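Heads up: the structure comes next, in structure tokens.
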Amino acid sequence: MSGSYDDSVGVEVSSDSFWEVGNYKRTVKRIDDGHRLCNDLMNCIHERARIEKVYAQQLTEWAKRWKQLVEKGPQYGTVERAWCAFMSEAEKVSELHLEVKGSLMNEDFEKIKNWQKEAFHKQMMGGFKETKEAEDGFRKAQKPWAKKLKEVEAAKKAYHAACKEEKLAISRETNSKADPALNPEQLKKLQDKVERSKQDVLKTKEKYEKSLKELDNATPQYMENMEQVFEQCQQFEEKRLRFFREVLLEVQKHLDLSNVASYKNIYRELEQNIKTADAVEDLRWFRANQGPGMSMNWPQFEEWSADLNRTLSRREKKKASDGVTLTGINQTGDQASQPNKHSSVSSYEKNQSYPTDWSDEESNNPFSSTDANGDTNPFDEDASPAMEVRVRALYDYEGQEQDELSFKAGDELTKMENEDEQGWCKGRLDNGQVGLYPANYVEPIQ
């Protein structure tokens, strides 16, 4: 028989049935497995809660980064608001997933932990009280039957041995009749051996049948006792199974955001924000704020003022720099070579500025190296341009014209052209912006 039992040493294995001696241990082991399964379910929920938390954090970071990029970018008006609505959606969904994480850990995880503590009671010597009770119950129910089974096995062994001995005795007697060398006395002994072996066979057979009958008589009581203990184990396991089902349903409710009213409202609001995007309205806004609809300070006669020595008009500074100031065309220095921290980036930066000085004459591309007459590039002041020099700002300066730079005391920038007659220099900030600044506001970096 599979399994072993203290009172049935030597019992042979005949099947894998529950009724075999010792095979109740699989039922007992299920109690220990139940405790381990509680731990597994808690670990499962804990990992899902961690995923919910990480996802919520990633949504928040994504929304923050792209909200800044869109706000700094060239998009405007109602379409900008519709675009930003996606970032608002992410922030709200992030909050919901943080709530899911909280529900999983504070409700579901703790519920399993408390139930496990109440259902399984640890013993001082190790193991669980419930496991020991089941083990003792099965051993007690199986002990009388196992004892009788052991007697049956012993009786069967004795009977089979007697049958074997009888067969050998008969074989010897038969062979002796054909042997003329044996005297009558020896032949008589062989015949007596056959007779005794036949009596042993009858005696052991009777004992074997008797012990087997006693075992059969004890079997109903054995089955009843084993069923009773098994049913107690079934009831204990039923509580765990029903509890797991209850917890899993609660976990499902916490994970299913489709039934959360606020979750549906997020996407209803997102759809409404997108539908409010109006191309006509945005074009009207751009015309009023960036196009012909803008007000203009048309040039008028102005008397000379001492304040003008400090701040030059756009046309004077243009003349002093001998050409149009290029701004926002190329980024150079460390910023151009530094990789972006994030994989998704905007194609536009807010600090990019547009050229504001335009010629009133139509001509060829001013960026080409020669004009239509083959002259040199108008941006080249001479054959040997000045070397670029790194300088540091001594004071704060706020650009008063669009082609002027703004910086704080201590900021570093690159001087591209030397000081002109009016005291202005042309330079480039580290973000790539090019413009003019007062020469006496900076000093060379030693």
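Everything numeric here is computed off the predicted structure, so don't read it as measured data. Heavy-atom basis, side chains included; hydrogens, waters and symmetry copies ignored.
Of the possible polar contacts, none joining the Gln232 side chain to the Ala134 backbone as a donor-acceptor pair under 3.5 Å is found. Using modelled atom types, one side-chain atom of Asp396 and one backbone atom of Ala409 make a donor-acceptor pair closer than 3.5 Å. Between the side chain of Glu130 and the backbone N or O of His121 there is at least one donor-acceptor pair closer than 3.5 Å. With Ser94 contributing its side chain and Leu59 its backbone, the two residues share no donor-acceptor pair below 3.5 Å.
Residues passing the side-chain hydrogen bond (donor to acceptor under 3.5 Å, both in side chains) test with Thr131, sequence neighbours excluded: Asp32. Glu95 is linked by a side-chain contact (heavy atoms from CB on, under 4.5 Å) to nothing, counting only residues two or more places apart in sequence or in another chain. Legend: residues meeting side-chain contact (heavy atoms from CB on, under 4.5 Å) with Glu231, ordered by chain and number and at least two apart, are Gln234, Gln235.
Residues in residues 96-109 take part in these side-chain hydrogen bond (donor to acceptor under 3.5 Å, both in side chains) pairs, two or more places apart or across chains: Glu52-His97, Glu107-His254, Asp108-His254. Every pair passing salt bridge (charged side-chain N to carboxylate O under 4.0 Å, His left out) that includes a residue from residues 246-258 is listed here, sequence neighbours excluded: Lys111-Glu246, Lys111-Glu250. Applying the salt bridge (charged side-chain N to carboxylate O under 4.0 Å, His left out) definition to pairs two or more places apart or across chains, none involves residues 216-229.
Taking the six-membered ring for Trp and thresholds of 30 and 60 degrees, Tyr441 and Tyr397 have ring planes more than 60 degrees apart, a perpendicular arrangement. Ring geometry for Tyr24 versus Phe138: interplanar angle under 30°, hence parallel rather than tilted (30 to 60°).
Less than 6.0 angstrom separates the ring centroid of Phe18 from the ring centroid of Phe230.
Cation-pi geometry between Arg240 and Phe236 is not met at under 6.0 angstrom from the ring centre and within 45 degrees of the axis.
Using modelled atom types, one finds a donor on one side chain and an acceptor on the other under 3.5 Å when comparing Glu20 with Ser15.
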